Amino acid sequence: MKILTDKFKRKTLSAGLLSILAVVAVFAVACGGTETVIQTVVVKEQVPGETVIQTVVVEKEVQVAGETVVQTVVVEKEVQVAGETVIQTVVVEREVEVAGQTVVQTVVVEKEVPVEVVVVEEVEVVKEVEKEVEVVVTATPEGMMEEAMMEAIDIPDSKSTPGHVIFADVGSALGSISGNGGSLPDAPLQGDRWGAGEHLFTPGAADWDEPMLADTWTLAEDLSSVTINIRQGVQFHNGWGELKAEDIAWVINRTNPAINPESIAASAANFTALFGDVPVEAIDDYTISAQFNNFDVRWASNFLNQEASGGLTSMATSKRAFDENGRDWLKDNFIGTGPFSVTDFKSGTSVTLEKVDYDHWRKNAGIDSFKVLAVPEEFTRVALLQNGESDVSFIDPKDLARMKKAGFLEVGAGAGIQEGVMFPGNLWETTNAITGEAIDFPSHGVFVRPIQWVGNPHQPEDGDNPPGIDDMEQARLVRQALARSVDRAAIVEHVLGGVGNPVHVTYFSTFNPNWDSQYEYPYDVDAANKMLDDAGYPAGDNGVRFEMPLFVGPELGGGEGPAGEIGDAIAGFWTDVGINVKVLKYAYGVFRPGLVSRSTVVPMLTSCDDGQEAYPFDWPKGLVQTTLTRGGFSCGFESPDILEWYNAARNEPDREERIKINKEYLAYMHNWALFPGYVTVPQAYYANPNYIAEWPMHIGGSYNSPENIVLK
């Protein structure tokens, strides 16, 4: 026998004045076994007397006819707030396999839950009444019953109105709306992902630089500039007229921090590196001219592309709409050129898009509307798909195999996101590559005191180095130990459900033909411990060598999604070698300013722009690891060696030569362990095959092209 104790929490928002915490205990008897489940439901800002419908999904193991099965229970309950007693009605419907037959059981439970009411400044606050209950079940092979449950499920009919598709995405996927919104280029809504926005270029079947809003272009022989002719006849949404060259030029310039210091667009400093402070010009109604500050062979395949690194935008937006209505208006009104137009969005909650009511220049959408819901909880996203409430859901890696086995349709962009840990604070360049000015490091905050994972080349003897090694080697040993003390295969198996892959040096896929296995970090706890000892950080009496934070970046749902679980797993392995790790899962918007100002020293779990499994091996590497992006985003570390390799690769027209350059960069990154990789996580989504026939996408880091959805 084994004892399982579970507490399931569900957060629901409603309008009102009171903050209420209600506890629901559900008692049920199933054929051949018993179980008791405790559920904690959180209702925020509830008006007294208001009735709220809450849905809670619970998975539990139950002993039935000699076998243990996993049951998924959907609980809908009305919570009536009336003074000091909460009456809750719980209806449980479930399918139980009994002697080869499926039986649907309905259990109705009414329970009075006494609550304590406290008056504070004339506002009622109801305190939480909570109780732990143990669930006793028979031990079974791990995972067997969960798989059996998924095999037995009947895929539901969609509850969507015909022609309309509902997508349940991880909560942070709508984070770009929250507080920003609209189509303002320095706070862009990711309308391109949803079919509402378009760029100059897009990935194609064979190449990454297929023209989209660009029609033709001419690249100067000396690679100093480019002239791009804009496609004619493209219309903005909501009657804002035809797209013109001045709209594209305005978007790029306003996104570029070197021209618009207010720009906070993702990876906007890439434009600073590419164009510097020279504005892109509209030389007539349909032609723009751009002078390169630092030419990069990816100018069309990445920088001005729909799948640009880190979400960098050249997405077409109406300058006239901005001029006439202002910034605040654009926060609530998305003006794009795609097959869908945004008709409604609620910050951090949902976005609704509808097919444009005219023949689109590129493609008429195959569906009438596309609605994206922010659903942070994985079990809720799965449940919505299983009961037909959503037509497509983002699925955590650990659940991918069973969703596929259950018969749901897998859709995706065919790429994975690499999760590595970058080590900010290692600022080794002495001259700003943009301005040529010397960097005043003596007064820089990151070098005020020694940091175990930060090497200081400006003062290599800082007083805490063991004999025979300087501060650079001391920090390198620490980072090498952190790279070698994590069992990547175990994270893939236990956190990702066996569907991911190990990564060793971020930005490089181990499946690429150019990969060399000598650059792997073997899982070796003994070697890691020795490196930490050699670095001068012995374990204390409590087994702890030093403390270290780890911030979970925004990819893969951030702290709410799979990235949070990966961060916890990495921290667990580091704890085993004596590092006391605090995993930080707060909002990325709070963390990001430290990357822009180059003032943070907190390691970060991230893909840092180019950590995409699909990116070619020969693409120039390390732009955001140099001073070329000062004034904007970076990986938090800067190296003159990386700057040299990046500059060589970006100017090199020959692919084989770029591969040679990047192999040198790879060897350097492996040795200094500035950005060790850990796992690649598939970007996979599952759809209801009873409703969706197919959803073709172009390659990329996330889902895209909902206009391609074909319904049955």
Side-chain angles (χ1 to χ4, degrees), residues 418-423 426 451-455 465-496 498 500-512 515-550 563 565-583 603-607 611 613 637 663 665-681:
Q418 297 176 343
E419 286 283 71
V421 174
M422 66 186 195
F423 292 95
N426 287 285
I451 303 293
Q452 290 86 348
W453 52 91
V454 174
N465 309 321
I469 65 173
D470 63 9
D471 194 63
M472 292 288 283
E473 176 64 11
Q474 181 185 38
R476 188 190 75 87
L477 287 172
V478 170
R479 296 191 301 271
Q480 280 279 340
L482 295 173
R484 296 170 186 271
S485 58
V486 174
D487 188 342
R488 292 162 174 80
I491 294 179
V492 169
E493 179 181 357
H494 298 291
V495 178
L496 304 184
N501 295 293
V503 175
H504 296 272
V505 179
T506 315
Y507 293 178
F508 293 97
S509 169
T510 58
F511 292 95
N512 190 285
W515 174 255
D516 191 328
S517 60
Q518 69 173 308
Y519 299 121
E520 295 179 1
Y521 295 109
Y523 176 49
D524 192 333
V525 174
D526 291 339
N529 278 317
K530 184 177 186 307
M531 288 177 173
L532 292 169
D533 289 339
D534 292 345
Y537 300 110
D541 294 338
N542 60 355
V544 175
R545 299 175 185 273
F546 55 81
E547 296 182 351
M548 185 180 76
L550 175 63
E565 297 181 32
I566 295 169
D568 291 337
I570 292 173
F573 283 111
W574 286 347
T575 300
D576 291 342
V577 293
I579 314 299
N580 186 6
V581 184
K582 175 67 174 179
V583 182
M604 176 180 176
L605 179 69
T606 180
S607 62
E613 195 77 359
F637 59 88
K663 285 184 175 179
Y665 165 83
L666 169 59
Y668 175 89
M669 293 298 288
H670 177 266
N671 176 61
W672 287 100
L674 289 166
F675 198 178
Y678 291 96
V679 292
T680 290
V681 182

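This is a predicted model, so every value here is computed, not measured. Side chains included, hydrogens not; waters and symmetry mates left out as well; all remaining heavy atoms used.
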| request: Return the set of residues passing side chain to side chain donor-acceptor pair (under 3.5 Å) with E419 (not counting sequence neighbours), or none when no residue passes. | output: none

| query | Can W453 and V421 be said to form a side chain to side chain contact (heavy atoms under 4.5 Å, CB included), step by step? | reply | CA-CA 12 Å; W453 52 91; V421 174; over 6 Å; no

| remark: Separation between CG (L666) and OH (Y507), nearest 0.5 Å, reads 13.5 Å

| Who pairs with H670 by ring-ring contact (aromatic ring centres under 6.0 Å, His included), at least two apart in sequence or on another chain? | Y519, Y521

| task | Please report the shortest heavy-atom distance between V577 and A528, naming the atom on each side. | result | CG1-CB, 4.3 Å

| Sidechain N-carboxylate O distance under 4.0 Å for K530, D534 | yes

| query | Roughly how far, to the nearest 0.5 Å, is CG of L550 from CG of L482? | reply | 10.0 Å

| Distance from I491 atom CD1 to I570 atom CD1, nearest 0.5 Å? | 5.0 Å

| Excluding sequence neighbours, so at least two apart, what forms ring-ring contact (aromatic ring centres under 6.0 Å, His included) with F637? | none

| field | Considering all heavy atoms, the nearest T510-P502 contact | value | OG1-O, 3.7 Å

| Just by modelled atom types, is the V525 backbone N or O under 3.5 Å from a matching donor or acceptor in the N529 side chain? | yes

| said: Pair Q418, F508 - check side chain to side chain contact (heavy atoms under 4.5 Å, CB included), show working. | reply: CA-CA 9 Å; Q418 297 176 343; F508 293 97; 5.6 Å; no

| Polar side-chain atom of T506 near backbone of G611 as donor-acceptor pair, under 3.5 Å | no

| field | side chain to side chain contact (heavy atoms under 4.5 Å, CB included) between N580 and N542, intermediate numbers included | value | CA-CA 11 Å; N580 186 6; N542 60 355; over 6 Å; no

| field | Minimum heavy-atom distance V583-A571, with the two atoms named | value | CG2-CB, 3.5 Å

| remark: Those residues at least two apart in sequence (or on a different chain) that pass ring-ring contact (aromatic ring centres under 6.0 Å, His included) with Y678 are none

| message | If you compare all heavy atoms of F423 against all heavy atoms of N426, which two are closest, and at what distance to 0.1 Å? | response | O-ND2, 3.0 Å

| task | Any pair with a residue in residues 477-487 that passes salt bridge (Lys or Arg N to Asp or Glu O under 4.0 Å), sequence neighbours left out, goes on the list, sorted by first then second residue, please. | result | none

| Roughly how far, to the nearest 0.5 Å, is CZ of R488 from OG1 of T680? | 11.0 Å

| How far apart are the closest heavy atoms of L532 and A481, and which atoms are they? | CG-CB, 3.7 Å

| message | With side chain to side chain donor-acceptor pair (under 3.5 Å) as the test, pick out the partner of Y537 among R545, Q474, Q452. | response | Q474

| Who are the side chain to side chain donor-acceptor pair (under 3.5 Å) partners of E473, not counting sequence neighbours? | R476

| task | Carefully, step by step, assess L496 and N501 under the rule side chain to side chain contact (heavy atoms under 4.5 Å, CB included). | result | CA-CA 9 Å; L496 304 184; N501 295 293; over 6 Å; no

| task | For W515 and S509, work out which heavy atoms get closest and say how close. | result | CB-O, 3.5 Å

